[in-house]
Amino acid sequence: MPATWKRLFGPALLTNAAATKYTCPALTKTRIRHIHVTNPTVSAVTFTMSIGADAAGTRIYDVYSIAAGDVLNDFGVYVVDAAEIVQAFASTTSVLNITIDGEEITLG
């Protein structure tokens, strides 16, 4: 099954409410390979991200503080199944900038 490498979302600014950033297509499995979040401001801002609807049990980042002028680069592998969503938000609107990269694998 060939994989298609692509930018799954962004770059885009996050809002302060959970919002869907990616939905895995039908008959597909996605591997998120890189999450890049920047904070260009002079204050720390928190970041929350989940696989599935946002809830404590689905979060891969739970109110994670990103320092002023800092960058989060996560090269871990996160698997997203067909029809699953990825949601993210920040403690302050229009501050954190996120880009998500990965590969989609067509099943069947």
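This one's a predicted model, so the numbers in the text were calculated from it and none came from an experiment.
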Please report the closest heavy-atom contact between Ala88 and Lys21, naming both atoms and the distance.
-> O-CE, 3.7 Å
Looking only at heavy atoms, the pair that brings Ile32 and Ile100 closest together is CG2-CG2, 3.7 Å
Quick one: pull up OG1 in Thr99 and CZ in Arg7 and give me the separation to the nearest 0.5 Å.
-> 7.0 Å
Under 3.5 Å, is there a donor-acceptor pair between the side chain of Thr93 and the main chain of Asn16?
-> yes
Between Thr38 (side chain) and Pro40 (backbone), is there a donor-acceptor pair under 3.5 Å?
-> no
Quick one: ring pair (Phe, Tyr, Trp, His ring centres under 6.0 Å) partners of Tyr78, sequence neighbours excluded?
-> none
Under a 4.5 Å cut-off applied to non-hydrogen side-chain atoms, are Ile60 and Asp74 in contact?
-> no
Ignoring hydrogens and angles, tell me if any N or O in the side chain of Ser94 forms a donor-acceptor pair with the backbone of Leu13 under 3.5 Å.
-> no
Rounded to the nearest 0.5 Å, how far does CG of Leu8 lie from CG of Asp101?
-> 6.5 Å
Heavy-atom pair of closest approach, residues Thr15 and Ala17 = OG1-O, 3.1 Å
Closest approach of Glu103 to Ala3 (non-hydrogen atoms, all atoms of both residues) = OE1-CB, 3.2 Å
Rounded to the nearest 0.5 Å, the OG1 atom of Thr92 sits from the CG atom of Leu14 at a distance of 11.0 Å
Are Phe89 and Met49 connected in a single hydrophobic cluster, I mean Ile/Leu/Val/Met/Phe/Trp/Tyr linked by side-chain heavy atoms less than 4.5 Å apart?
-> no
Taken to the nearest 0.5 Å, the spacing of Thr46 OG1 from Ile66 CD1 works out to 8.5 Å
Shortest non-hydrogen pair, Asn97 vs Pro11, comes out as OD1-CB, 3.4 Å
At their closest point, which heavy atom of Ser65 faces which heavy atom of Ala44, and how far apart are they?
-> OG-CB, 3.7 Å
Got Trp5 and Arg33 here, is their nearest side-chain heavy-atom distance under 4.5 Å?
-> yes
Going by an N to O cut-off under 4.0 Å, is there a salt bridge joining Asp81 and Lys29?
-> yes
Backbone N/O of Val63 and side chain of Thr48: donor-acceptor pair under 3.5 Å = yes
Check: Tyr22 ring centre within less than 6.0 Å of Phe9 ring centre | no
So, the side chain of Asp54 versus the backbone of Ala18: is there a donor-acceptor pair under 3.5 Å, distance only?
-> no
In this structure, which one of Leu72, Asp62, Val95 forms a side chain to side chain contact (heavy atoms under 4.5 Å, CB included) with Phe47?
-> Leu72
Side chains of Thr58 and Ile51: closer than 4.5 Å at any heavy-atom pair?
-> no
Any donor-acceptor pair under 3.5 Å from Asn39 side chain to Ala67 backbone = yes
Between Phe75 and His34, what is the ring plane arrangement, given parallel below 30°, perpendicular above 60°, and tilted in between?
-> parallel
Give, for atom OG of Ser50 and atom CD of Gln87, the distance between the pair rounded to the nearest 0.5 Å.
-> 5.0 Å
Determine whether Ile85 and Val80 fall in the same hydrophobic cluster, where Ile, Leu, Val, Met, Phe, Trp and Tyr are linked whenever their side-chain heavy atoms lie under 4.5 Å apart.
-> no
